[in-house]
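Just so it is clear, the values below take in all heavy atoms, side chains as well, and ignore hydrogens, waters and symmetry mates.
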Amino acid sequence: PQRIQMLSVQPDTKPKGCAGCSRKIKDRYLLKALDKYWHEDCLKCACCDCRLGEVGSTLYTKANLILCRRDYLRLFGVTGNCAACSKLIPAFEMVMRAKENVYHLDCFACQLCNQRFCVGDKFFLKNNMILCQTDYEEGLMKEGYAPQVR
């Protein structure tokens with residue numbers, strides 16, 4: 001990712017030229033990215049047209065395109081499959097990880113009782129299954145731990 005800086009235009013300096021439209025930047029603020037200066041309206045994602053200065057402090061470039069994070073990942077990111085439902089996870093989607101397993105946020109739940117986990121909750125990975133503390137401890141008490149997925 002490339003950094004985007006928002007800078008105040010100093011009134012006593014000569015106006016800089018915009019890399020997007022080639023006109024002079026007379027606004028109160030300008031953006032600096034890719035070692036060039038831009039009007040806030042001119043630094044946009046080539047796919048979705050969002051104003052990059054508004055969606056974050058980074059942009060991505062590939063194949064002569066200037067892109068927001070979401071479109072960069074959608075076009076060039078690595079997709080994978082959810083360890084719980086086996087469906088595809090788009091590269092731009094937020095995920096949960098447990099060791100080498102990756103999960104949709106909605107699929108990250110105890111695979112016995114379906115309890116969803118919140119940030120900071122304790123969970124266990126046993127035989128490649130995500131378990132809540134209760135189901136994990138119950139399984140440990142049973143001889144020959146082999147839970148059946150409901």
Side-chain angles (χ1 to χ4, degrees), residues 1-136 147-150:
Q2 303 286 322
R3 218 171 105 88
I4 301 171
Q5 290 177 283
M6 182 175 278
L7 306 171
S8 296
V9 175
Q10 303 305 316
D12 52 349
T13 59
K14 183 175 172 258
K16 298 186 180 332
C18 174
C21 68
S22 303
R23 294 194 312 266
K24 293 199 181 311
I25 303 171
K26 296 176 183 169
D27 305 347
R28 188 170 171 196
Y29 296 99
L30 59 80
L31 298 176
K32 183 178 181 185
L34 306 170
D35 291 323
K36 297 175 184 167
Y37 297 97
W38 309 77
H39 288 105
E40 290 177 85
D41 284 337
C42 291
L43 187 59
K44 294 193 279 199
C45 174
C47 279
C48 71
D49 234 23
C50 71
R51 290 167 48 156
L52 294 170
E54 290 178 358
V55 296
S57 58
T58 56
L59 61 82
Y60 295 76
T61 58
K62 189 158 183 168
N64 280 334
L65 297 171
I66 295 176
L67 302 164
C68 67
R69 180 179 188 273
R70 181 182 168 95
D71 283 324
Y72 176 80
L73 291 174
R74 187 172 58 78
L75 294 169
F76 304 107
V78 178
T79 58
N81 289 53
C82 176
C85 74
S86 301
K87 291 183 183 154
L88 193 69
I89 301 174
F92 58 81
E93 199 170 292
M94 297 292 280
V95 296
M96 293 297 289
R97 295 180 187 277
K99 295 202 173 168
E100 61 279 342
N101 295 343
V102 184
Y103 303 86
H104 293 108
L105 292 183
D106 288 343
C107 293
F108 195 71
C110 176
Q111 290 175 292
L112 291 182
C113 71
N114 294 319
Q115 174 194 323
R116 298 273 309 271
F117 297 106
C118 297
V119 175
D121 283 354
K122 194 180 256 188
F123 70 90
F124 298 84
L125 196 60
K126 179 85 174 170
N127 299 333
N128 231 14
M129 289 176 58
I130 306 170
L131 300 173
C132 66
Q133 189 161 0
T134 304
D135 284 329
Y136 177 76
Q148 296 304 307
V149 177
R150 278 186 238 146

Legend entry - Value rounded to 0.5 Å, distance of CG in Leu59 from CD1 in Ile66: 6.5 Å

Legend entry - Side-chain touch Leu7/Tyr37, heavy atoms, less than 4.5 angstrom: yes

Inset, instruction - Could you note down all residue pairs passing salt bridge (charged side-chain N to carboxylate O under 4.0 Å, His left out) where residues 73-84 supplies at least one of them, sequence neighbours left out? - result: Asp71-Arg74

Inset, instruction - Calculate, to the nearest 0.5 Å, the distance between atoms CD and CG belonging to Glu100 and Leu125 respectively. - result: 8.0 Å

Inset, instruction - Could you list the residues that satisfy side chain to side chain contact (heavy atoms under 4.5 Å, CB included) with Ala109, not counting sequence neighbours? - result: Arg116

Inset, instruction - Measure across Tyr136 and Lys126 and return the closest heavy-atom pair with its distance rounded to 0.1 Å. - result: CE1-CD, 4.1 Å

Inset, instruction - List the steps and the verdict of side chain to side chain contact (heavy atoms under 4.5 Å, CB included) for Leu112 and Thr134. - result: CA-CA 10 Å; Leu112 291 182; Thr134 304; over 6 Å; no

Inset, instruction - Could you list the residues that satisfy salt bridge (charged side-chain N to carboxylate O under 4.0 Å, His left out) with Glu93, not counting sequence neighbours? - result: none

Inset, instruction - May I ask you to check whether over 12 heavy atoms, not counting those of Asn64, lie within 6.0 Å of atom CG? - result: no

Inset, instruction - Side-chain contact test, heavy atoms from C-beta onward, threshold under 4.5 Å: evaluate it for Arg97 versus Val102 and give yes or no. - result: yes

Inset, instruction - Kindly give the heavy-atom pair with the smallest separation between Cys132 and Cys113, and that separation in Å. - result: SG-SG, 3.8 Å

Legend entry - Set of residues satisfying ring-ring contact (aromatic ring centres under 6.0 Å, His included) with respect to Tyr60, sequence neighbours excluded: Tyr72

Inset, instruction - State whether the side chain of Trp38 and the backbone N or O of Gly20 hold a donor-acceptor pair below 3.5 Å, judged by distance alone. - result: no

Inset, instruction - Measure the CG-CG distance between Leu34 and Leu43 for me, rounded to the nearest 0.5 Å. - result: 7.5 Å

Inset, instruction - Measure the CG-OG distance between Asp27 and Ser8 for me, rounded to the nearest 0.5 Å. - result: 12.0 Å

Legend entry - side chain to side chain contact (heavy atoms under 4.5 Å, CB included) assessment of Tyr103 paired with Ile130: CA-CA 10 Å; Tyr103 303 86; Ile130 306 170; 3.2 Å; yes

Inset, instruction - Would you give the length of the straight line joining atom OG of Ser57 to atom CD of Gln5, rounded to the nearest 0.5 angstrom? - result: 10.0 Å

Legend entry - With sequence neighbours excluded, residues passing ring-ring contact (aromatic ring centres under 6.0 Å, His included) with Phe117: Phe108, Phe123

Legend entry - Main-chain N/O of Cys118 paired to Asp121 side chain as donor or acceptor, under 3.5 Å: yes

Legend entry - Worked check of side chain to side chain contact (heavy atoms under 4.5 Å, CB included) between Leu31 and Leu52: CA-CA 9 Å; Leu31 298 176; Leu52 294 170; over 6 Å; no

Legend entry - Check against side chain to side chain contact (heavy atoms under 4.5 Å, CB included), His104 and Cys85: CA-CA 9 Å; His104 293 108; Cys85 74; 3.4 Å; yes

Inset, instruction - Over all heavy atoms of both residues, which pair between Pro15 and Ile25 is shortest? Give the atoms and the distance, please. - result: CB-O, 3.7 Å

Legend entry - Partner residues of Asp41 under the salt bridge (charged side-chain N to carboxylate O under 4.0 Å, His left out) criterion, sequence neighbours left out: Arg51

Inset, instruction - Find the distance between CZ (Arg23) and SG (Cys18) and round it off to the nearest 0.5 Å. - result: 7.5 Å

